[in-house]
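Step one of this worksheet: look at the structure below.
Quick note: numbers below take in every heavy atom, side chains included, and nothing from hydrogens, waters or symmetry partners. Start at 1 with the first residue, then count along the sequence.
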Amino acid sequence: EGMKWMSPRNFVIISVILAYASLVAGACAMASAQTAAQEPKRQTVDPAAWGSNHAGKPIPEYVRGDECLFCHRNDIGTTWQKTSHGTTLRQREEAPELSKLLQSQAALSGVAPQVQFFLGSRHHVRFLKKEGFGKLSLLSAKADLRPDRQLESLIGGDKPTWDKGRFANQCAGCHATAVDPSTKAITLYGLDCSTCHGDVTLNHTTDTSLIWLSKKRRNDARAITSICAQCHLRGGKSKSTGLPYANNFVAGDNLFQDYTADFAKADDETLNPGDRHVWRSVREVALYGASTPTCLSCHDVHGGSSFKHRRLPRTAMCIDCHSEDGPYKPAKAYKVSSQLCDY
């Protein structure tokens, strides 16, 4: 009954339309393939061809953050602990809001007194305790937070256990300072000034060009990219240790002499936009030899401000987080997930 409308005339018309649509689709596909074939491949450089590294070498002596604060207590000291880098790993007494959250969870009452450190603070929080010199154990239970920093859900709270190896094998390189390449013991809890500024001599008081990322030393795109990528380029691994973080990276080193990364991830549309943006930004400099923009073009690490971000010209990389058509200012809503970081 439903096919009575299909007269011979209608059948012929529909057949012609479908045949024409098929020809158009085929022509478009052929044109696209020809265009792709005609497009010259971008020239690449060897990411490991410059500089040196400290892989497997003894940890160099460095100026510690408390020494830096002797002079920088009024400019950096007032904001550092409020930034994401400053709160990446904190002692319990430095995070009263998380301590209160921990104590409110009846499921964790048996292990709460043992917790000495908090890992993370914005969206996900893990709990840790000391396990010998320079070692930390990671609690299996983890907390997901709402935008107001209150608990959204507690995962694994029914039978929490301590893992002695996970922090050293997955987290230490990006959440602590100076990891011993042989023992995986950390030298300092959290990120110290040397993590980004390098091994700074006392002569820097009269010559700030001796400090990486200072106003007088931020024109080396390759070194700047290595400094930021040591933690933010998630998904690679050390060639010498097999760990998911570089072997004894020191600011100024060439990260890619020890850290191997598959830059094809930059084109992986299934990757969350935040991580994909990092891969694309790093690839531009490390693989394609671009000198600008760098991470510092957009990000104000100490202040946590987006002022520079708003002043930048719009480029293809912006579309990872912003809309190409329509309102540009609101960032696209997306959820960051990381297999490495367990969320």
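- Side chain of Thr195 to backbone of Leu191: no donor-acceptor contact under 3.5 angstrom is found.
- Checked for salt-bridge contact, Glu284 and Arg222 miss the test: no charged N lies under 4.0 Å from a carboxylate O.
- Looking at Glu269 and Arg280, a side-chain N of the basic residue comes within less than 4.0 Å of a carboxylate O on the acidic one, giving a salt bridge.
- Hydrophobic clustering (ILVMFWY, side-chain heavy atoms < 4.5 Å, transitive): Leu102 and Trp162 are in one cluster.
- Between the Asp180 side chain and the Ala185 main chain, no donor and acceptor come within less than 3.5 Å of each other.
- Side-chain polar atoms of Lys184 and Asn169 form a donor-acceptor pair below 3.5 angstrom.
- Two different hydrophobic clusters hold Ile227 and Leu210 under the rule that ILVMFWY side chains link at heavy-atom gaps under 4.5 Å.
- For the pair Arg90 and Phe118, the cation-pi criterion (under 6.0 Å, within 45° of the ring axis) is not fulfilled.
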* Asked: Could you go step by step and tell me if Phe249 and Asn53 meet the side chain to side chain contact (heavy atoms under 4.5 Å, CB included) rule?
  -> CA-CA 7 Å; Phe249 178 85; Asn53 67 85; over 6 Å; no

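- Taken to the nearest 0.5 Å, the NZ atom of Lys100 stands 10.5 Å off from the CD atom of Glu97.
- In this structure, a donor-acceptor pair under 3.5 Å is present between the side chains of Ser99 and Arg92.
- Looking at Gln230, its side chain never comes within 3.5 Å of a backbone N or O of Cys174 through a donor-acceptor pair.
- Salt bridge status for Arg166 with Asp342: present, with a side-chain N to carboxylate O gap under 4.0 Å.
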* Check against side chain to side chain contact (heavy atoms under 4.5 Å, CB included), Phe127 and Val111 -> CA-CA 10 Å; Phe127 312 101; Val111 294; over 6 Å; no

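- Under a hydrophobic clustering in which Ile, Leu, Val, Met, Phe, Trp and Tyr are joined whenever their side-chain heavy atoms come within less than 4.5 Å, directly or via other members, Leu128 and Leu145 fall into different clusters.
- The side-chain contact (heavy atoms from CB on, under 4.5 Å) test with Cys341 singles out one residue from Arg126, Arg234, His124, and that residue is Arg234.
- A ring-centre distance under 6.0 Å is found for Tyr189 and Phe117.
- Put simply, Leu151 and Leu98 are part of the same group of oily side chains (I, L, V, M, F, W, Y) that touch within less than 4.5 Å, one to the next.
- Panel note: side chain Asn254, backbone Ser52; no donor-acceptor pair is recorded below 3.5 Å.
- Under the 3.5 Å distance criterion, the side-chain polar atoms of Gln257 are matched with a main-chain donor or acceptor of Gly51.
- In this structure, a donor-acceptor pair under 3.5 Å is present between the side chains of Asn247 and Ser240.
- Dense packing is recorded around NZ of Lys135, with more than 12 heavy atoms of other residues, nucleotides or ligands lying under 6.0 Å away.
- Under the 3.5 Å distance criterion, with hydrogens and angles disregarded, a donor-acceptor pair is assigned to the side chains of Asp258 and Ser238.
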* Hey, mind stepping through Asp144 and Ile155 against side chain to side chain contact (heavy atoms under 4.5 Å, CB included) and telling me if it holds? -> CA-CA 8 Å; Asp144 289 343; Ile155 302 171; 3.4 Å; yes

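- Results of the ring-ring contact (aromatic ring centres under 6.0 Å, His included) test with His197 over His72, His204, His85, His302 single out His302 as the only residue that passes.
- In this structure, Ser226 contributes its side chain and Gly252 its backbone to no donor-acceptor pair below 3.5 Å.
- In terms of modelled atom types and a separation under 3.5 Å, the side chain of Asp253 and the main chain of Leu255 share no donor-acceptor contact.
- Listed for the Arg276 side chain is a donor-acceptor partner under 3.5 Å among the backbone atoms of Leu271.
- Judged purely by atom type and a 3.5 angstrom limit, Lys216 has no side-chain atom pairing as donor or acceptor with the backbone of Trp212.
- Between Ile59 and Asn248, the shortest heavy-atom distance links the atoms CG1-OD1, 3.8 Å.
- When atom types are taken as modelled, the side chain of Ser140 and the backbone of Thr161 share a donor-acceptor pair closer than 3.5 angstrom.
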